[in-house]
**Q** 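Have a look at this one.
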2 protein chains.
Amino acid sequence: MEVHQLRYFCAVAETGSFSRAAEQSHISQPSLSQQILKLEDELGARLFDRLGRSVRLTELGKTFLPRACAVLRELEAAKGDVVEGKEFIGGSITVGVIPTVAPYLLPPRLTTFSRKFSQVRLTVVEEITPVLLDRLRSGTIDVAILALPIRGREFDAFPLLTERLFAALPKKHKLNSRPSLSLKDLRAEPFLLLRDGHCFRDTAVAACDRARLHPQIVFESGQFSSLLSMVGAGMGVSIVPEMAIEKKSQCRYVRIADDQAVRTIGAIVLRGRSLTRAHRAFLSHLREA
Amino acid sequence: MEVHQLRYFCAVAETGSFSRAAEQSHISQPSLSQQILKLEDELGARLFDRLGRSVRLTELGKTFLPRACAVLRELEAAKGDVVEGKEFIGGSITVGVIPTVAPYLLPPRLTTFSRKFSQVRLTVVEEITPVLLDRLRSGTIDVAILALPIRGREFDAFPLLTERLFAALPKKHKLNSRPSLSLKDLRAEPFLLLRDGHCFRDTAVAACDRARLHPQIVFESGQFSSLLSMVGAGMGVSIVPEMAIEKKSQCRYVRIADDQAVRTIGAIVLRGRSLTRAHRAFLSHLREA
DNA sequence: AACTTCCATAGGCTATGCCTATCCATCGTA
DNA sequence: TACGATGGATAGGCATAGCCTATGGAAGTT
């Protein structure tokens, strides 16, 4: 039983004539005849009485007609749903962010996005990178915003911005006046760093490694604001990305003059996943803003 | 969008794998792949995300799945309806009868039929032959019971019985003692006949014509019982079919010795009309009884 | 009786769905 | 890192099935 057979059947039922139905269906009368015959064959019963003059539904045809119509209606509805679904910018997006980005980059962009696409329900979760990657794989988040690069070809990445790293120094530190400094200059300083698991800790440690620096770590925290408070209190120095700089804190910030002392923030999605219009809108909004 | 594509789509959604779905659908994996691709192409969007390991429905696929299932369900329902409808001996039959048969032949057979096939709703209408033919054509009755033959190849006929004609005579008529008589013997008698339009009038008149008899008609009625009452009252003679003989009436009946003085009762249906099982059961019941 | 109308049949062509073989990417494992 | 296993996509060939035109045959019309 094929869709076109049902179409032809309904056309004949509607017009009361094979010829008319064929015309309406844009096929030749014999072709339509064949398909009706075939349908009747499969059902094992006649659907029409062929009287000399006209054609009339049999009892069975009468019971079959609404069924056939229902199938065609359902089909149209299905197609319509898809088209609509494609046009529609809405639905929900769940975005995951690493903690060292969450407070700085996202809030303003989320509000402008939500204003622009009020149909889209945004959910944000804050997790460290490996958790985000797992959640991308399992589909519990759609997009992750984190530090690039991510190894492997498992994800598609969209870089958003690259920021320099800064040394955070106590207010009265002797290096404060310098426009920039090398990490080597911090050799003697006690360090405050993010806790293990935070990718920016790795970024900072990598930068130190390149400078042959093996810092003594005197404090660890899960968030920059704690580190900066401690730095302001004179416990030591730290390394922070540009976006973490708090103007009104007790710290001073000096740019680190190392071309590799940067971090790149980007959005990634699971490679091969099809993106809804909402997803795409979100990604391009992130890039524009 | 074809039915088999929807089937494959549902199979993939169910099994979460093209290969598994292909196996379940008894086709090769490439064939299934092709059809899914084609479906996606027509819809203009991906229905599945092909991740390395497994396959997952896209947002669009998720909305499409229940639709596709609905179509398939409707289709099954339609098919089921037809099969059921074929098995079922029921529904309704409307049968038309001419007035000169209605009171005699039908009642006993209808009751036995209704007892046997209690699911079938029987309706009877009493009309003269041309009206019955029209109603067969228009489909407002399914079967007509009337005097054969019917001219033309417009109908299919099922002869039921052939009955002799009898002369109905007043109780004290001189011809009463004869075992049979010729119409010529009635040359002198005043005649009572059915009204014009009743086919049996034509049958009787034709018989008279063959006997070179041009009867003087003194009474006309639409039913035999009126004629017979009048005959009993001595108004004249009449011609009646065997089934119209009323044993307890004031008349005497003498067989007419003319091989052509018969009438054949039969059932007819519109040629080319498909008959339901109920129709066929009714026709064969008429013949058996 | 010729003509028209309408559905069915016949024969040929093309498109399409299915097949096997193969490719390519991913994933698990030595 | 390299290799084999798994799973989907691609390529090419074949058979079916739907469509076409031409024709047949029955019924109704002029």
Side-chain angles (χ1 to χ4, degrees), chain A residues 1-9 11-13 15-42 46-58 61 133-134 136-137 151-156 270-274, chain B residues 1-9 11-13 15-42 46-58 61 133-134 136-138 150-156 270-274:
Chain A
M1 182 150 28
E2 298 304 320
V3 176
H4 60 266
Q5 294 173 342
L6 298 183
R7 278 193 225 287
Y8 299 161
F9 166 72
V12 174
T15 61
S17 146
F18 280 49
S19 309
R20 235 78 50 73
E23 197 174 334
Q24 182 182 301
S25 306
H26 306 294
I27 61 166
S28 69
Q29 170 268 314
S31 301
L32 181 137
S33 236
Q34 262 185 338
Q35 293 306 309
I36 296 289
L37 265 297
K38 203 163 179 182
L39 180 58
E40 290 179 325
D41 223 51
E42 181 180 346
R46 298 252 122 173
L47 292 169
F48 296 103
D49 286 329
R50 282 80 159 167
L51 313 167
R53 160 71 48 225
S54 71
V55 165
R56 203 183 298 151
L57 282 168
T58 61
L133 298 185
D134 259 355
L136 279 174
R137 289 187 196 102
R151 288 187 309 142
R153 281 178 310 279
E154 199 175 355
F155 305 99
D156 281 325
L270 193 58
R271 164 164 296 183
R273 257 205 60 169
S274 84
Chain B
M1 182 153 24
E2 298 304 321
V3 176
H4 60 267
Q5 294 172 341
L6 298 184
R7 278 192 224 289
Y8 299 162
F9 167 72
V12 174
T15 62
S17 146
F18 280 50
S19 307
R20 234 79 50 74
E23 197 175 335
Q24 182 182 303
S25 305
H26 306 294
I27 61 166
S28 69
Q29 170 267 315
S31 301
L32 182 136
S33 235
Q34 264 185 335
Q35 293 307 309
I36 296 288
L37 264 298
K38 203 164 181 182
L39 180 58
E40 289 179 325
D41 224 50
E42 181 180 346
R46 298 250 119 171
L47 292 168
F48 296 102
D49 286 330
R50 282 79 159 167
L51 312 168
R53 160 73 47 227
S54 71
V55 165
R56 203 184 297 152
L57 282 167
T58 61
L133 300 185
D134 259 354
L136 280 175
R137 289 186 196 101
S138 70
I150 296 295
R151 288 186 311 142
R153 281 181 308 279
E154 200 173 356
F155 305 99
D156 282 325
L270 192 59
R271 166 163 296 184
R273 256 205 60 169
S274 85

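Order of the sequence lines sets the chain letters (A, B, ...), proteins ahead of strands, with each chain counted from 1. These numbers come from the heavy atoms of this one structure, side chains and all, not from hydrogens, waters or symmetry mates.
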**Q** Below 4.0 Å from chain B heavy atoms, what is the first contacting nucleotide of DNA chain C and what is the last?
**A**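 Under 4.0 Å from chain B, the extent on DNA chain C is C/dT16 to C/dG28.
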
**Q** Between P on D/dG18 and CG on A/Asp41, what's the gap in Å once rounded to a whole number?
**A**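 Going from A/Asp41 (CG) to D/dG18 (P), I get 12 Å.
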
**Q** Once salt bridge (charged side-chain N to carboxylate O under 4.0 Å, His left out) is applied, do any residues pair with A/Arg137, and if so which ones, sequence neighbours excluded?
**A**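 Once residues adjacent in sequence are excluded, the partners of A/Arg137 under the salt bridge (charged side-chain N to carboxylate O under 4.0 Å, His left out) criterion are A/Asp134, A/Glu154.
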
**Q** Return a table of donor-acceptor pairs under 3.5 angstrom between the side chains of residues 29-37 of chain B and protein atoms on other chains or two or more places apart.
**A**
from    : atom 1 : to      : atom 2 : distance (Å)
B/Ser31 : OG     : B/Ser28 : OG     : 2.8
B/Gln35 : OE1    : B/His4  : NE2    : 3.2
B/Gln35 : OE1    : B/Gln5  : NE2    : 3.1

**Q** Could you check how far CG of B/Asp156 sits from C1' of D/dA26, rounded to whole Å?
**A**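 Interatomic distance, CG of B/Asp156 to C1' of D/dA26: 14 Å.
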
**Q** Just checking B/Tyr8: base, sugar-phosphate only, or nothing, at a heavy-atom cut-off of under 4.0 Å?
**A**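 Contact class for B/Tyr8: sugar-phosphate only.
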
**Q** If the condition is salt bridge (charged side-chain N to carboxylate O under 4.0 Å, His left out), which residues does B/Arg50 pass it with, not counting sequence neighbours?
**A**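 Expected list: B/Glu40.
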
**Q** So which one's nearest nucleotide on DNA chain C is more toward 5', A/Glu154 or B/Gln5?
**A**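 Counting from the 5' end, the first nearest nucleotide belongs to B/Gln5.
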
**Q** Donor-acceptor pairs under 3.5 Å, side chain of residues 18-27 of chain A to any protein atom, not counting sequence neighbours: which ones?
**A**
from    : atom 1 : to      : atom 2 : distance (Å)
A/Arg20 : NE     : A/Ser17 : OG     : 3.4
A/Ser25 : OG     : A/Ala21 : O      : 2.8

**Q** List for me each residue that meets side chain to side chain donor-acceptor pair (under 3.5 Å) alongside A/Arg273, sequence neighbours excluded, and say none if there are none.
**A**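 If we apply the side chain to side chain donor-acceptor pair (under 3.5 Å) test to A/Arg273, skipping adjacent residues, the hits are A/Asp142.
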
**Q** Distance check, rounded to the nearest 0.5 Å: A/Asp41 atom CG versus A/Arg46 atom CZ?
**A**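 With rounding to 0.5 Å, CG (A/Asp41) is 8.5 Å from CZ (A/Arg46).
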
**Q** Generate the contact string for nucleotides 3-17 of chain D. Rules: B means base contact, S means sugar-phosphate contact only, - means no protein heavy atom under 4.0 Å.
**A** ----SBBB------S

**Q** Can you tell me how far apart CZ (A/Phe155) and CG (A/Leu270) are? Round to the nearest 0.5 Å.
**A**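 With rounding to 0.5 Å, CZ (A/Phe155) is 6.0 Å from CG (A/Leu270).
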
**Q** Quick check for you: to the nearest 0.5 Å, what is the distance between A/Asp49 atom CG and A/Leu57 atom CG?
**A**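 Here the interatomic distance stands at 9.0 Å.
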
